[in-house]
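Per chain, numbering begins at 1; letters A, B, ... match sequence-line order. Excluded from the calculations below are hydrogen atoms, water molecules and symmetry mates; all remaining heavy atoms, backbone and side chain alike, are included.
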There are 2 protein chains.
Amino acid sequence: MPSSSRVRTAGRPTLEQVAAEAGVSRGTVSRVINGSLEVSESKLKAVQDAIRKLGYVPNQAARSLVTRRSDTVLFVVSESEERVFSEPFFASLVRGLSQELSSTPLQLNMMMASTARQHERVEQLVRNGHVDGVVLISLHGDDPLPRNLVAAGAPVALIGRPMSGMDGVPFVDADNLAGARAATEYLYQQGRRRFGTITGTQDMAAGIDRLMGYRSALKGRRGVTRLVAQGDFGKPSGERAMRELLEEDPEIDAVFAASDLMAAGALRVLRAEGRRVPDDVALIGFDNSDVARNTDPALTSVSQPVHEMGRELVRLLVTQIERPGQALAPVILPTELVRRESA
Amino acid sequence: MPSSSRVRTAGRPTLEQVAAEAGVSRGTVSRVINGSLEVSESKLKAVQDAIRKLGYVPNQAARSLVTRRSDTVLFVVSESEERVFSEPFFASLVRGLSQELSSTPLQLNMMMASTARQHERVEQLVRNGHVDGVVLISLHGDDPLPRNLVAAGAPVALIGRPMSGMDGVPFVDADNLAGARAATEYLYQQGRRRFGTITGTQDMAAGIDRLMGYRSALKGRRGVTRLVAQGDFGKPSGERAMRELLEEDPEIDAVFAASDLMAAGALRVLRAEGRRVPDDVALIGFDNSDVARNTDPALTSVSQPVHEMGRELVRLLVTQIERPGQALAPVILPTELVRRESA
DNA sequence: GTGAAAGCGCTAACAG
DNA sequence: CTGTTAGCGCTTTCAC
């Protein structure tokens with residue numbers, strides 16, 4: 001008969017109690033918990049039974065204390081990136097991170113970090129081993145945070161291709177160039193010949209790449225006009241840019257916008273100016289966000305596999321945690337053109 | 001001259017090293033760190049200097065091990081709530097939580113928990129003290145998770161008024177009733193007399209309360225027609241409901257929808273049916289989400305103070321952590337009617 | 001006020 | 001394969 005386990009405090013069962021219950025040593029229980037194969041069948045079973053019977057769950061704090069790992073991944077959200085890091089993107093990404101994390105022992109910690117003080121706090125967490133890895137949205141080139149984290153020896157994975165100076169830091173990104181190219185080519189194949197694009201900010205890789213994709217799709221085509229208007233990913237900039245485009249070429253019949261928000265702005269201006277979409281002007285956005293679904297006409301848009309990006313970020317981190325120092329290639333995920341009504 | 005501290009391992013400075021540096025005992029350093037007032041001025045300063053000099057930061061794991069607190073708050077996201085828990089809501093809420101948390105020693109942990117297995121995992125985390133409190137979106141009445149957590153003795157704070165059986169569990173909600181009433185009254189004051197509402201699901205408090213608000217605004221008014229069509233917060237249901245409304249009363253001139261998504265659907269149907277918004281039909285949504293900003297015309301909508309709701313949730317949790325067992329009143333935050341073009 | 005000492009629950013050598 | 005042992009870094013009595 002198994003003796004009833006002594007309750008040390010009023011608390012949860014400890015490894016020691018499991019050991020007593022199973023009639024083995026603490027070491028053996030620890031081996032079982034940590035999946036060491038060097039345990040005999042019989043003891044293995046005895047321990048597993050005891051664990052089940054007692055409802056034992058390891059104390060993470062005690063484990064961390066000795067392993068010096070935290071089994072925690074930190075997701076840092078830079079509030080200043082709000083505009084680019086649009087909200088649907090945010091939610092899907094978190095889902096992806098969570099899902100992939102759920103098959104590991106890692107927990108997801110989140111932190112908003114807009115101020116310098118908060119950035120410092122992130123560095124501290126890393127330096128003190130409270131965090132095993134960091135997922136970071138790639139900031140503008142001048143932000144020292146990612147570099148500092150890497151310098152502190154933390155596994156880091158970036159969301160979005162960094163602008164510069166992040167050699168060897170792996171990142172996950174959508175194939176912005178191919179996505180923009182596919183959208184533009186699609187417009188061409190619909191018989192459109194008078195093009196315009198509304199760009200994102202040109203100090204971010206996404207903005208640059210999407211413009212390049214547009215250019216590359218039109219390169220070498222004859223009988224095509226190709227306009228470019230600057231935007232900043234936001235809706236008002238889309239309105240502004242669309243007016244410019246219309247002024248430069250009142251006969252324009254195809255517009256590729258580097259974000260859905262800008263496309264929504266453009267749509268509004270087009271309607272105000274009496275253009276029918278898509279009849280007079282075909283319009284494509286980027287991101288395949290909520291906005292795209294809810295304009296009228298609904299926007300055709302380039303979709304990023306955000307959820308999958310979240311999962312890849314975790315994989316990148318886990319690889320680094322398991323094999324520190326290993327060089328990791330960026331992960332570029334394919335985009336997809338989602339056809340709706342605007343083109 | 002301060003002696004150079006011995007480096008125990010290659011690791012971070014420990015409390016012991018701080019003590020050596022400051023020429024005091026570990027106990028004293030601990031007292032300083034934890035803000036005990038019973039430390040002399042001189043030693044206080046010595047310890048503070050040593051901490052600064054060494055760049056000491058407490059090891060959270062070691063602390064947790066002895067205090068049996070985790071200094072972690074868990075935010076559980078039930079994926080099944082996706083539709084209601086719309087994405088802008090999600091992002092703002094996280095910001096609110098983060099912001100309020102940043103003035104406490106608490107960290108924010110997130111977990112998606114859709115399956116029963118994952119719910120169990122949440123309970124386990126709580127039971128094993130890995131989490132000091134839980135923020136939960138209030139689920140439909142039949143979900144056992146919140147009750148189980150409360151039974152396990154965990155501080156819990158709910159987002160949204162629960163449907164039933166959650167006595168004593170504090171929650172934060174927007175004043176849905178007042179918001180819906182204000183929107184409807186506004187329509188009345190614009191001279192509208194032929195009303196319709198598109199409801200949310202009636203098994204959630206938000207859906208019920210918004211319908212009640214609509215009714216209460218119109219109660220006792222003479223010369224007013226008041227229609228009700230069922231929706232489920234989603235866009236397609238808004239389209240469907242709007243068609244019903246139009247069929248019942250082709251002269252309808254005012255519609256209050258219990259979500260922006262449904263309002264966007266309604267807008268679309270209205271346009272298809274040749275109604276001008278707001279000239280022929282005034283339309284108001286609820287949530288003040290991205291969608292509201294990006295339809296054409298942009299939606300007038302009832303805004304919830306989501307960010308502030310996040311902050312209140314943390315306050316509720318902190319109060320419970322500090323004073324276990326204390327009865328806490330729900331927090332109902334005011335809404336605001338944001339006027340745009342649709343009404 | 002302050003130091004000394006006893007663990008918190010666990011992992012990781014190290015013998016056997 | 002398994003038991004024993006020595007801490008991980010910190011808080012918290014308990015004496016002084």
Within residues 56-64 of chain B, residues whose heavy atoms come under 4.0 Å of DNA chain D = B/Tyr56, B/Pro58, B/Asn59, B/Ala62, B/Arg63
Within the sub-3.5 Å range, which N or O atoms of nucleotides 13-16 of chain C have a protein N or O partner, and how far apart are they?
from   : atom 1 : to      : atom 2 : distance (Å)
C/dA13 : N6     : A/Arg31 : NH2    : 3.4

Can you name the residues that form a salt bridge (Lys or Arg N to Asp or Glu O under 4.0 Å) with B/Arg161, not counting sequence neighbours?
-> B/Asp209
Hits for salt bridge (Lys or Arg N to Asp or Glu O under 4.0 Å) against B/Glu100, two or more places apart or cross-chain, chain-then-number order -> B/Arg311, B/Arg315
Taking five pairs at each end, how big is the angle between the two axes of the helix from C/dG1-D/dC16 to C/dG16-D/dC1, to 10°?
-> 30°
Partners of B/Ser98 by side chain to side chain donor-acceptor pair (under 3.5 Å), sequence neighbours excluded?
-> none
B/Thr72 meets the side chain to side chain donor-acceptor pair (under 3.5 Å) criterion, sequence neighbours left out, with none
Can you sort out the partners of A/Asp71 under salt bridge (Lys or Arg N to Asp or Glu O under 4.0 Å), two or more places apart, ordered by chain and number?
-> A/Arg69
Using the test side chain to side chain donor-acceptor pair (under 3.5 Å), find all partners of A/Ser30 that sit at least two apart in sequence or belong to another chain.
-> A/Asn34
Can you name the side chain to side chain contact (heavy atoms under 4.5 Å, CB included) partners of A/Val150, sequence neighbours left out?
-> A/Val156, A/Val169
Can you list the residues that meet the salt bridge (Lys or Arg N to Asp or Glu O under 4.0 Å) rule with B/Arg323, with sequence neighbours excluded?
-> none
Identify, with sequence neighbours excluded, every residue that meets side chain to side chain donor-acceptor pair (under 3.5 Å) alongside B/Ser25.
-> B/Thr28
